[in-house]
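One structure below.
Atom set for the values below is all heavy atoms of this structure, side chains included, hydrogens, waters and symmetry mates excluded. Chain identifiers are assigned alphabetically (A, B, ...) following the order of the sequence lines, protein sequences preceding nucleic acid strands; residue numbering begins at 1 within each chain.
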Amino acid sequence: AQKVTQAQTEISVVEKEDVTLDCVYETRDTTYYLFWYKQPPSGELVFLIRRNSFDEQNEISGRYSWNFQKSTSSFNFTITASQVVDSAVYFCALSELRQLTFGSGTQLTVLP
Amino acid sequence: GAGVSQSPSNKVTEKGKDVELRCDPISGHTALYWYRQSLGQGLEFLIYFQGNSAPDKSGLPSDRFSAERTGGSVSTLTIQRTQQEDSAVYLCASTLLRDTQYFGPGTRLTVL
């Protein structure tokens, strides 16, 4: 069975600090997708990124970057120079055949 | 807009009553999912529809929960004889096959 672990329940940083959100996954499949979603206080889940299991290249999008390492089954998410608007719950998710399995989420609070 | 829409946004009901929650997926998306998010929790998969195939109901918590998808588009999640533990945000998502799931704003259900 697939499983996603986000060990960090809550993280609090001061604005402009860098922060990394950890995600570790378990799967027996060789073909799968990994996702990060953001859930701001408004509640709507916002898609951030999707990676497939054959693409281990790191990705950078503005202040966001993702580090995918199959050897450690990790897909970590780093926010550089955090801002107050980054405060949200961030979910990592794994997709095999069709279901998305979500981690329990990390509540990020960025203090001014 | 062209996103996933859900109605109602909020629903307050009395214990024992039936409720219906509606989801309008993104036009052209073949797959539709329902999830439940209880307070402070991650997302729990409920049911999955893909085209004309039989739905995957493996996540439904009890036989009080059912869902249908008419004409391969709109879906209705029905909860019969609601209980207080059914209180949660019910999220709908749609996707093309194994592509990224896009989420609606959710329906917040409160059972008194």
Quick check: is B:Leu21 connected to B:Leu32 through a chain of hydrophobic side chains (ILVMFWY, heavy atoms under 4.5 Å apart)?
yes

Would you please indicate if the ring centroids of [X] and [Y] are separated by under 6.0 Å?
X: A:Tyr25; Y: A:Tyr32; value: yes
X: A:Phe77; Y: A:Tyr90; value: yes
X: B:Phe49; Y: B:Tyr33; value: no
X: A:Phe91; Y: A:Tyr37; value: no

Side chain / backbone / both / neither for B:Glu44 at chain A, heavy atoms under 4.5 Å:
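Neither part, no heavy atoms under 4.5 Å.
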
Considering only heavy atoms, give the residues of residues 103-112 of chain A separated from chain B by less than 4.5 Å, sorted numerically, with 'none' for an empty result.
A:Gly103, A:Ser104

Between A:Gln39 and chain B, which part of the residue has a heavy atom less than 4.5 Å away: side chain, backbone, both or neither?
side chain

Can you tell me if A:Glu59 uses its side chain to pair, donor with acceptor, with the backbone of A:Trp66 under 3.5 Å?
no

So that I can tick it off, tell me whether B:Arg64 and B:Asp18 are bridged by a salt bridge, with the cut-off set at under 4.0 angstrom between side-chain N and carboxylate O.
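Salt bridge flag = no for B:Arg64 with B:Asp18.
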
